[in-house]
J.: 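A single structure is presented below for examination.
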Amino acid sequence: MLRHSWNLTIRQAMALQRRLAPRVLQAPLDGPVRRIAGADCAFVGGGKAVVASAVLCDARTLEVSATAWAVEPCRFPYVPGLLSFREAPAVIAALRKLDQPIHLLMCDGQGRSHPRRLGLASHVGLYLGLPTIGVAKSRLCGEHGTPGRRRGSRRALLDGQEVIGCVLRTRTGVKPLYISVGHRVNLEDAVNWTLRCTRGFRLCEPSRQAHLLVTALAKRLGQGL
DNA sequence: GCGACAG
DNA sequence: ATCTTGTCGC
(Lines give C-alpha, C1' and ligand atoms only; values in the text may rest on other atoms or scores of the structure.)
Protein backbone atom coordinates (compact mmCIF):
# COMPACT_ATOMS: atom_id res chain seq x y z
CA MET A 1 0.00 0.00 0.00
CA LEU A 2 1.12 3.49 -0.77
CA ARG A 3 -0.10 7.06 -0.88
CA HIS A 4 1.44 10.00 -2.73
CA SER A 5 0.51 12.99 -4.85
CA TRP A 6 -0.17 12.56 -8.55
CA ASN A 7 0.27 16.24 -9.21
CA LEU A 8 3.93 16.15 -10.20
CA THR A 9 6.25 17.62 -12.79
CA ILE A 10 7.92 15.30 -15.28
CA ARG A 11 11.17 15.50 -13.35
CA GLN A 12 9.45 14.70 -10.04
CA ALA A 13 7.55 11.81 -11.62
CA MET A 14 10.77 10.22 -12.86
CA ALA A 15 12.39 10.66 -9.45
CA LEU A 16 9.37 9.01 -7.80
CA GLN A 17 9.65 6.02 -10.14
CA ARG A 18 13.30 5.52 -9.19
CA ARG A 19 12.37 5.73 -5.52
CA LEU A 20 9.45 3.28 -5.76
CA ALA A 21 10.93 0.67 -8.11
CA PRO A 22 12.97 -1.06 -5.35
CA ARG A 23 9.73 -1.67 -3.46
CA VAL A 24 8.22 -3.83 -6.20
CA LEU A 25 7.96 -7.45 -5.06
CA GLN A 26 8.85 -10.23 -7.45
CA ALA A 27 7.69 -13.53 -5.96
CA PRO A 28 5.41 -16.49 -6.68
CA LEU A 29 1.71 -15.66 -6.30
CA ASP A 30 0.57 -16.34 -2.77
CA GLY A 31 -2.95 -17.27 -1.73
CA PRO A 32 -5.75 -18.62 -3.91
CA VAL A 33 -6.67 -16.74 -7.09
CA ARG A 34 -10.44 -16.79 -7.45
CA ARG A 35 -11.12 -13.38 -8.95
CA ILE A 36 -8.98 -11.61 -11.54
CA ALA A 37 -9.46 -7.96 -12.38
CA GLY A 38 -8.78 -6.18 -15.66
CA ALA A 39 -8.54 -2.42 -16.11
CA ASP A 40 -8.33 -0.12 -19.11
CA CYS A 41 -8.56 3.57 -20.03
CA ALA A 42 -10.03 5.80 -22.69
CA PHE A 43 -10.02 9.56 -23.19
CA VAL A 44 -13.04 11.79 -23.55
CA GLY A 45 -13.69 15.48 -24.06
CA GLY A 46 -10.84 15.83 -26.52
CA GLY A 47 -8.37 14.40 -24.01
CA LYS A 48 -9.56 16.48 -21.07
CA ALA A 49 -10.71 13.52 -18.99
CA VAL A 50 -9.70 9.90 -18.46
CA VAL A 51 -12.31 7.16 -18.15
CA ALA A 52 -11.22 3.92 -16.54
CA SER A 53 -13.01 0.61 -16.36
CA ALA A 54 -12.48 -2.23 -13.91
CA VAL A 55 -13.93 -5.70 -14.44
CA LEU A 56 -13.72 -8.76 -12.25
CA CYS A 57 -13.57 -12.19 -13.83
CA ASP A 58 -14.04 -15.55 -12.16
CA ALA A 59 -10.60 -17.16 -12.37
CA ARG A 60 -12.06 -20.53 -13.31
CA THR A 61 -14.82 -19.69 -15.79
CA LEU A 62 -13.51 -16.24 -16.83
CA GLU A 63 -17.07 -14.94 -16.63
CA VAL A 64 -17.43 -11.29 -15.61
CA SER A 65 -18.69 -11.12 -12.02
CA ALA A 66 -18.53 -7.37 -11.37
CA THR A 67 -17.76 -4.09 -13.13
CA ALA A 68 -17.03 -0.51 -12.10
CA TRP A 69 -15.74 2.69 -13.68
CA ALA A 70 -14.51 6.16 -12.85
CA VAL A 71 -13.76 9.45 -14.58
CA GLU A 72 -10.87 11.69 -13.58
CA PRO A 73 -9.51 14.90 -15.09
CA CYS A 74 -6.43 14.30 -17.24
CA ARG A 75 -3.55 15.99 -15.35
CA PHE A 76 -0.52 14.68 -17.18
CA PRO A 77 0.62 14.61 -20.83
CA TYR A 78 1.48 11.39 -22.61
CA VAL A 79 5.18 10.85 -22.14
CA PRO A 80 6.59 7.39 -22.92
CA GLY A 81 7.68 5.94 -19.60
CA LEU A 82 5.34 8.12 -17.52
CA LEU A 83 2.02 6.56 -18.50
CA SER A 84 0.98 5.81 -14.92
CA PHE A 85 0.84 9.50 -14.00
CA ARG A 86 -1.77 9.92 -16.72
CA GLU A 87 -3.86 6.78 -16.24
CA ALA A 88 -3.31 5.38 -12.73
CA PRO A 89 -5.53 7.84 -10.80
CA ALA A 90 -8.58 6.83 -12.84
CA VAL A 91 -7.67 3.13 -12.81
CA ILE A 92 -7.24 3.17 -9.02
CA ALA A 93 -10.54 4.98 -8.53
CA ALA A 94 -12.37 2.43 -10.68
CA LEU A 95 -10.76 -0.56 -8.94
CA ARG A 96 -11.74 0.82 -5.54
CA LYS A 97 -15.38 0.78 -6.60
CA LEU A 98 -15.43 -2.98 -7.13
CA ASP A 99 -17.34 -4.59 -4.29
CA GLN A 100 -15.50 -7.91 -4.25
CA PRO A 101 -11.83 -8.44 -3.32
CA ILE A 102 -9.26 -8.67 -6.14
CA HIS A 103 -6.80 -11.57 -6.04
CA LEU A 104 -4.88 -10.62 -9.16
CA LEU A 105 -4.91 -7.58 -11.46
CA MET A 106 -4.03 -7.41 -15.15
CA CYS A 107 -3.09 -3.91 -16.29
CA ASP A 108 -2.98 -2.59 -19.83
CA GLY A 109 0.69 -1.66 -20.13
CA GLN A 110 4.15 -2.59 -18.85
CA GLY A 111 5.15 -3.58 -15.36
CA ARG A 112 8.86 -4.13 -14.74
CA SER A 113 9.63 -3.93 -18.47
CA HIS A 114 10.15 -0.22 -18.10
CA PRO A 115 13.24 2.05 -18.33
CA ARG A 116 13.10 2.65 -14.56
CA ARG A 117 11.34 -0.65 -13.73
CA LEU A 118 8.05 0.97 -12.74
CA GLY A 119 5.48 0.80 -15.49
CA LEU A 120 1.75 1.32 -14.97
CA ALA A 121 1.13 -2.23 -13.73
CA SER A 122 3.86 -2.00 -11.10
CA HIS A 123 2.83 1.46 -9.98
CA VAL A 124 -0.84 0.50 -9.56
CA GLY A 125 0.08 -2.80 -7.92
CA LEU A 126 2.35 -1.07 -5.44
CA TYR A 127 -0.17 1.70 -4.75
CA LEU A 128 -2.98 -0.73 -3.97
CA GLY A 129 -0.79 -3.52 -2.61
CA LEU A 130 -2.17 -5.97 -5.17
CA PRO A 131 -0.57 -8.78 -7.17
CA THR A 132 -0.38 -7.31 -10.68
CA ILE A 133 0.66 -8.39 -14.17
CA GLY A 134 1.62 -6.01 -16.97
CA VAL A 135 -0.11 -6.94 -20.23
CA ALA A 136 1.09 -4.65 -23.04
CA LYS A 137 0.25 -4.81 -26.73
CA SER A 138 3.60 -3.39 -27.82
CA ARG A 139 7.15 -2.82 -26.65
CA LEU A 140 8.36 0.10 -24.57
CA CYS A 141 11.95 -1.01 -24.04
CA GLY A 142 14.15 -4.08 -24.16
CA GLU A 143 15.15 -6.46 -26.95
CA HIS A 144 13.87 -9.84 -28.02
CA GLY A 145 13.78 -12.42 -30.77
CA THR A 146 10.61 -13.44 -32.59
CA PRO A 147 8.62 -16.08 -30.72
CA GLY A 148 7.40 -19.16 -32.61
CA ARG A 149 4.16 -18.79 -34.54
CA ARG A 150 2.12 -20.99 -32.21
CA ARG A 151 0.10 -20.02 -29.14
CA GLY A 152 2.24 -20.40 -26.03
CA SER A 153 5.53 -19.66 -27.84
CA ARG A 154 7.63 -17.09 -26.02
CA ARG A 155 10.92 -15.21 -25.98
CA ALA A 156 12.59 -13.37 -23.15
CA LEU A 157 12.46 -9.58 -23.18
CA LEU A 158 15.96 -8.44 -22.25
CA ASP A 159 17.56 -5.23 -21.14
CA GLY A 160 21.18 -6.22 -21.46
CA GLN A 161 21.55 -9.34 -19.31
CA GLU A 162 18.44 -8.65 -17.26
CA VAL A 163 15.17 -10.42 -18.08
CA ILE A 164 12.50 -7.73 -17.78
CA GLY A 165 9.57 -9.51 -19.38
CA CYS A 166 8.29 -12.08 -21.84
CA VAL A 167 7.09 -11.72 -25.43
CA LEU A 168 4.22 -14.20 -25.48
CA ARG A 169 2.14 -15.54 -28.35
CA THR A 170 -1.35 -15.86 -26.84
CA ARG A 171 -2.93 -16.84 -30.16
CA THR A 172 -1.44 -18.78 -33.08
CA GLY A 173 -0.30 -16.53 -35.91
CA VAL A 174 -1.16 -13.31 -34.10
CA LYS A 175 1.09 -10.50 -32.84
CA PRO A 176 2.46 -11.41 -29.39
CA LEU A 177 1.79 -9.66 -26.08
CA TYR A 178 4.45 -8.17 -23.80
CA ILE A 179 4.02 -9.70 -20.37
CA SER A 180 5.87 -8.49 -17.30
CA VAL A 181 5.83 -8.59 -13.53
CA GLY A 182 3.69 -5.86 -12.04
CA HIS A 183 3.92 -6.57 -8.32
CA ARG A 184 3.80 -9.62 -6.00
CA VAL A 185 4.14 -12.17 -8.83
CA ASN A 186 7.04 -13.66 -10.74
CA LEU A 187 7.35 -13.79 -14.53
CA GLU A 188 6.53 -17.49 -14.68
CA ASP A 189 3.21 -17.04 -12.88
CA ALA A 190 2.49 -13.92 -14.92
CA VAL A 191 2.90 -15.83 -18.19
CA ASN A 192 0.93 -18.86 -16.98
CA TRP A 193 -2.00 -16.79 -15.73
CA THR A 194 -2.05 -14.78 -18.93
CA LEU A 195 -2.30 -17.96 -20.99
CA ARG A 196 -4.89 -19.41 -18.63
CA CYS A 197 -7.02 -16.30 -19.06
CA THR A 198 -6.88 -16.21 -22.85
CA ARG A 199 -9.77 -17.66 -24.86
CA GLY A 200 -9.49 -17.43 -28.60
CA PHE A 201 -8.56 -13.75 -28.68
CA ARG A 202 -5.17 -12.07 -28.51
CA LEU A 203 -5.99 -10.32 -25.24
CA CYS A 204 -6.60 -12.17 -21.99
CA GLU A 205 -10.23 -12.03 -20.90
CA PRO A 206 -9.96 -9.54 -18.00
CA SER A 207 -8.13 -7.05 -20.23
CA ARG A 208 -10.42 -7.66 -23.18
CA GLN A 209 -13.57 -7.18 -21.11
CA ALA A 210 -12.14 -4.03 -19.52
CA HIS A 211 -11.39 -2.68 -23.01
CA LEU A 212 -14.88 -3.45 -24.29
CA LEU A 213 -16.43 -1.74 -21.27
CA VAL A 214 -14.29 1.38 -21.39
CA THR A 215 -14.86 1.78 -25.12
CA ALA A 216 -18.62 1.64 -24.61
CA LEU A 217 -18.40 4.08 -21.69
CA ALA A 218 -16.27 6.56 -23.63
CA LYS A 219 -18.72 6.43 -26.50
CA ARG A 220 -21.62 7.10 -24.14
CA LEU A 221 -19.83 9.79 -22.11
CA GLY A 222 -18.27 11.46 -25.12
CA GLN A 223 -21.55 13.31 -25.68
CA GLY A 224 -22.06 14.82 -22.22
CA LEU A 225 -18.58 16.33 -22.09
C1' DG B 1 22.36 15.39 -32.77
C1' DC B 2 19.39 11.09 -34.19
C1' DG B 3 16.04 7.55 -33.51
C1' DA B 4 12.79 5.12 -30.23
C1' DC B 5 8.87 5.64 -27.74
C1' DA B 6 3.23 1.35 -23.15
C1' DG B 7 -1.58 4.15 -24.01
C1' DA C 1 -5.18 6.85 -26.79
C1' DT C 2 -7.80 9.35 -30.89
C1' DC C 3 -9.19 10.90 -35.86
C1' DT C 4 -11.99 7.21 -39.54
C1' DT C 5 -14.88 3.11 -44.20
C1' DG C 6 -14.55 -0.28 -46.37
C1' DT C 7 -12.62 -4.54 -46.96
C1' DC C 8 -9.95 -9.05 -47.04
C1' DG C 9 -10.02 -13.46 -44.64
C1' DC C 10 -11.32 -17.40 -41.46
Side-chain angles (χ1 to χ4, degrees), chain A residues 6 10 13-14 17 20-21 24 38-54 69-95 105-126 132-144 149-151 157-160 164-168 170-183 187 190 194 199-204 206-208 210-223 225:
Chain A
W6 292 100
I10 288 178
M14 291 179 66
Q17 291 180 324
L20 296 183
V24 168
D40 194 19
C41 288
F43 295 83
V44 292
K48 294 295 180 188
V50 194
V51 193
S53 66
W69 58 277
V71 184
E72 289 284 322
C74 195
R75 320 167 194 189
F76 211 88
Y78 170 68
V79 179
L82 298 178
L83 187 66
S84 61
F85 296 91
R86 186 173 165 79
E87 302 194 342
V91 167
I92 290 167
L95 288 167
L105 169 64
M106 300 180 128
C107 269
D108 208 8
Q110 319 285 342
R112 263 199 66 203
S113 47
H114 177 279
R116 290 167 295 281
R117 305 293 183 268
L118 198 88
L120 174 67
S122 296
H123 202 161
V124 171
L126 202 55
T132 307
I133 296 173
V135 179
K137 298 181 292 298
S138 61
R139 186 189 70 92
L140 172 61
C141 66
E143 300 133 20
H144 64 86
R149 185 173 175 284
R150 306 265 299 175
R151 164 179 161 85
L157 179 59
L158 299 168
D159 185 355
I164 58 175
C166 175
V167 185
L168 176 68
T170 50
R171 191 182 173 185
T172 300
V174 170
K175 189 183 186 217
L177 250 30
Y178 291 74
I179 306 304
S180 60
V181 168
H183 184 47
L187 191 53
T194 299
R199 281 178 169 174
F201 294 89
R202 174 160 88 121
L203 274 183
C204 48
S207 301
R208 197 175 76 85
H211 183 67
L212 289 173
L213 176 57
V214 86
T215 300
L217 282 168
K219 185 177 180 181
R220 192 155 65 71
L221 293 175
Q223 318 302 322
L225 292 178

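Values below: every heavy atom of this structure, side chains too, minus hydrogens, waters and symmetry copies. Fair warning: this is a prediction, and the values are worked out from it, not measured in the lab. All chains are named by letter (A, B, ...) in the order of the sequence lines, taking the proteins before the strands, and each is independently numbered beginning at 1.
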J.: Quick one: pull up CG in A:L158 and CD1 in A:I164 and give me the separation to the nearest 0.5 Å.
T.: 7.5 Å
J.: Look at the rings of A:W6 and A:H123 and say which category their plane angle falls in: under 30° parallel, 30 to 60° tilted, over 60° perpendicular.
T.: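 Correct class here is tilted.
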J.: Please give, in whole Å, the distance from B:dA4 P to A:L140 CG?
T.: 15 Å
J.: Remember a base hit wins even if backbone is also touched, and classify A:G47 as base, sugar-phosphate or nothing at under 4.0 Å, heavy atoms.
T.: nothing
J.: Of the nucleotides B:dA4, C:dA1, B:dA6, which has the atom closest to the A:R139 side chain?
T.: B:dA4
J.: Less than 4.0 angstrom between a side-chain N/O of A:K137 and OP1 or OP2 of B:dG7, yes or no?
T.: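 Result: yes.
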J.: Rounded to whole Å, how long is the line connecting atom NE2 of A:H114 with atom P of B:dG7?
T.: 13 Å
J.: A:K219 has an atom NZ; how far is it from atom P of C:dA1, in whole Å?
T.: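 Rounded to the whole Å, the gap is 16 Å.
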J.: B:dA6 C1' sits how many Å from A:H144 NE2, rounded?
T.: 13 Å
J.: Without decimals, in angstroms, what is the distance between A:L82 CG and B:dC5 C1'?
T.: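 Rounded to the whole Å, the gap is 11 Å.
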J.: Distance check needed: B:dG7 P versus A:F43 CZ, whole Å only.
T.: 11 Å
J.: Just how far is it from atom CG of A:L118 to atom CZ of A:R112, taken to the nearest 0.5 Å?
T.: 11.0 Å
J.: Hey, does A:C204 have a side-chain heavy atom less than 4.5 Å from the side chain of A:V135?
T.: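 In short, these two side chains touch, coming nearer than 4.5 Å.
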J.: Over how many whole Å does the gap from A:H211 atom NE2 to C:dA1 atom C1' extend?
T.: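 Answer to the nearest Å: 10 Å.
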J.: So does A:S138 get a side-chain nitrogen or oxygen closer than 4.0 Å to the phosphate oxygens (OP1/OP2) of B:dG7?
T.: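 Yes, A:S138 has a side-chain N/O under 4.0 Å of OP1/OP2 on B:dG7.
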J.: Within this structure, what is the CG-to-P distance between A:L120 and B:dC5, rounded to whole angstrom?
T.: 19 Å
J.: Just wondering, do A:Y78 and B:dG7 stack (centres under 5.5 Å, planes under 30°)?
T.: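 Stack criterion met.
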J.: So what does A:L177 touch, heavy atoms closer than 4.0 Å: a base, only the sugar-phosphate, or nothing?
T.: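 Answer is nothing: A:L177 stays at 4.0 Å or more from every strand.
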J.: Could you walk me through whether A:K137 and A:D108 pass side chain to side chain contact (heavy atoms under 4.5 Å, CB included), step by step?
T.: CA-CA 8 Å; A:K137 298 181 292 298; A:D108 208 8; 3.2 Å; yes
